[in-house]
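One structure is given below, encoded as structure tokens.
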Amino acid sequence: MISIKIGNNDVSTSVLVINCGSSSIKYALVSERREDRIYGLAENLGSENARIKGITAGGQPLELAIPNANHEQALETLLERLSHYNPQAIGHRVVHGGTLTKAHLLTPDIIQRIREATPLAPLHNPAHLVGIEATMRLFPELPQVAVFDTAFHQTMPAHAYRYAVPKFLFTDHNVRRYGFHGTSHAYVSERGSELAGSLKQGGWLTAHLGNGSSTCAIWNGQSVDTSMGLTPLEGVVMGTRSGDVDPSIHSFLASNLGWDIFKIDKMLNKESGLLGLSNNLSNDMRTLIEASEQGNEDATLAIEVFCYRLAKSLAALSCGLPRIDGLFFTGGIGENSAYIREKTMAYLPHFGFNLDKEKNNTLKRGTEGRIDAGAGPQIWVIPTDEEGRIAKETEHVVEQLSREANAAIA
Ligand code: ADP
């Protein structure tokens with residue numbers, strides 16, 4: 001790695017991690033020390049209010065108006081500001097990689113595979129492709145790698161990833177469970193099992209709880225089951241997504257309310273979850289906890305359903321593990337809310353789980369820590385680091401390629 005100066009520190013450079021959404025781009029320049037990270041968000045792209053908000057070197061806030069900028073223009077502005085940090089590679093977060101099992105250098109073939117997975121992630125993959133094409137035009141000399149949310153779950157056995165629907169839907173149309181949040185589950189389980197003294201060994205459950213939420217069962221470092229499925233709608237209750245419902249809700253709503261498939265899909269993805277349960281009060285857990293404290297019954301029930309369904313999902317996923325060594329909480333809710341962790345564990349007195357309420361309550365926000373009482377499976381809070389994990393996987397792909405190139409020359 002090349003050494004550069006950020007603030008007063010010499011640090012090694014850096015992988016630029018990019019996560020392109022339909023109207024936003026999250027970016028992070030990841031170097032060896034997490035404290036040196038430069039990161040931010042270009043948002044409202046394509047509108048008058050387009051802007052970049054972030055943290056620059058030395059932790060200074062940045063806010064920059066880029067009126068009417070599209071993805072490519074926003075990336076150009078960002079990359080101009082960041083190029084003197086000399087990124088060695090670009091890592092792209094890509095939600096759906098179909099059946100790709102690991103991160104890949106972006107070649108025409110891999111870009112085509114991402115395009116082919118678009119029907120499975122119609123909101124995400126097209127936006128990623130815009131970002132990929134723009135950075136490839138702007139930085140043709142830099143190696144660019146795609147890191148897939150789905151890849152970590154490709155180790156699931158068929159009995160976990162198949163749906164009980166006619167076989168041709170799987171063989172001819174790829175209808176199966178894929179799972180998402182793979183970079184987070186991978187990072188958290190690896191880091192957590194390392195802290196627990198059994199790196200990538202044993203059986204672990206992870207609960208990634210953010211605006212989108214999912215659970216995962218990991219055996220010896222590999223995903224064996226997860227709560228999300230064909231799309232990120234399946235599984236636990238989320239901010240605006242319903243999670244599991246009876247699939248007959250579609251025919252029920254079509255027959256009785258005359259709703260078409262698009263209206264039902266929008267309702268399940270955008271108007272349900274915490275938002276729907278709280279009668280449109282909020283999709284944000286903090287707001288709901290405050291409202292519940294003030295006596296709002298819808299907010300109280302939304303929280304209860306969230307915790308109960310989460311515990312139920314974790315108990316169900318335990319079937320994928322020969323043994324449970326512990327549970328990791330992560331994501332905005334999992335990392336920050338002792339209240340939600342306690343409520344969830346109250347529904348999970350099984351398998352010997354035993355939360356230490358005091359440790360749970362006193363764990364400082366944003367820090368790693370163990371919160372069980374010592375007997376039974378361990379319980380940990382592990383702040384996730386998806387950008388760090390994407391950078392690491394990107395570096396790994398680039399190093400592997402240069403080893404192969406050197407071997408070919410030798
Ligand atoms: P995303 O999935 O968009 O990355 P985050 O992982 O940042 O989202 O999680 C956002 C969620 O975390 C929101 O519901 C927010 O209310 C919740 N959250 C953040 N801090 C707290 C807290 N102290 N208590 C409860 N919930 C919190």
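Start at 1 and go down the list; that is how both ligands and their atoms are numbered.
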Donor-acceptor pairs under 3.5 angstrom involving side-chain atoms of residues 54-63: please list them, not counting sequence neighbours.
unit_1 : atom_1 : unit_2 : atom_2 : d
Thr56  : OG1    : Gln60  : O      : 3.0
Glu63  : OE2    : Arg51  : NH1    : 2.9

Between ligand 1 and the protein, tabulate every N or O atom pair separated by less than 3.5 Å, reporting distance only.
unit_1   : atom_1 : unit_2 : atom_2 : d
ligand 1 : 2 (O)  : Asn211 : N      : 2.9
ligand 1 : 3 (O)  : Asn211 : ND2    : 2.8
ligand 1 : 6 (O)  : Gly332 : N      : 2.9
ligand 1 : 8 (O)  : Asn211 : N      : 3.4
ligand 1 : 8 (O)  : Asn211 : ND2    : 3.4
ligand 1 : 12 (O) : Ile333 : N      : 3.3
ligand 1 : 14 (O) : Met285 : N      : 3.0
ligand 1 : 16 (O) : Asp284 : OD1    : 2.5
ligand 1 : 16 (O) : Asp284 : OD2    : 3.3
ligand 1 : 16 (O) : Met285 : N      : 3.1
ligand 1 : 16 (O) : Arg286 : N      : 3.1
ligand 1 : 20 (N) : Asn336 : ND2    : 3.4
ligand 1 : 23 (N) : Arg365 : NH2    : 3.1

Salt bridge present between Asp265 and Lys263 (N-O < 4.0 angstrom): no

Relative to the ring of Tyr308, is the ring of Tyr347 parallel (under 30°), tilted (30 to 60°) or perpendicular (over 60°)? perpendicular

Salt bridge Glu194-Lys200, side-chain N to carboxylate O under 4.0 Å: no

Arg365 vs Glu335 side-chain heavy atoms within contact, under 4.5 Å: no

State, to 0.1 Å, how close Glu368 and Pro383 come at their nearest heavy-atom pair, and which atoms those are. CG-CD, 3.7 Å

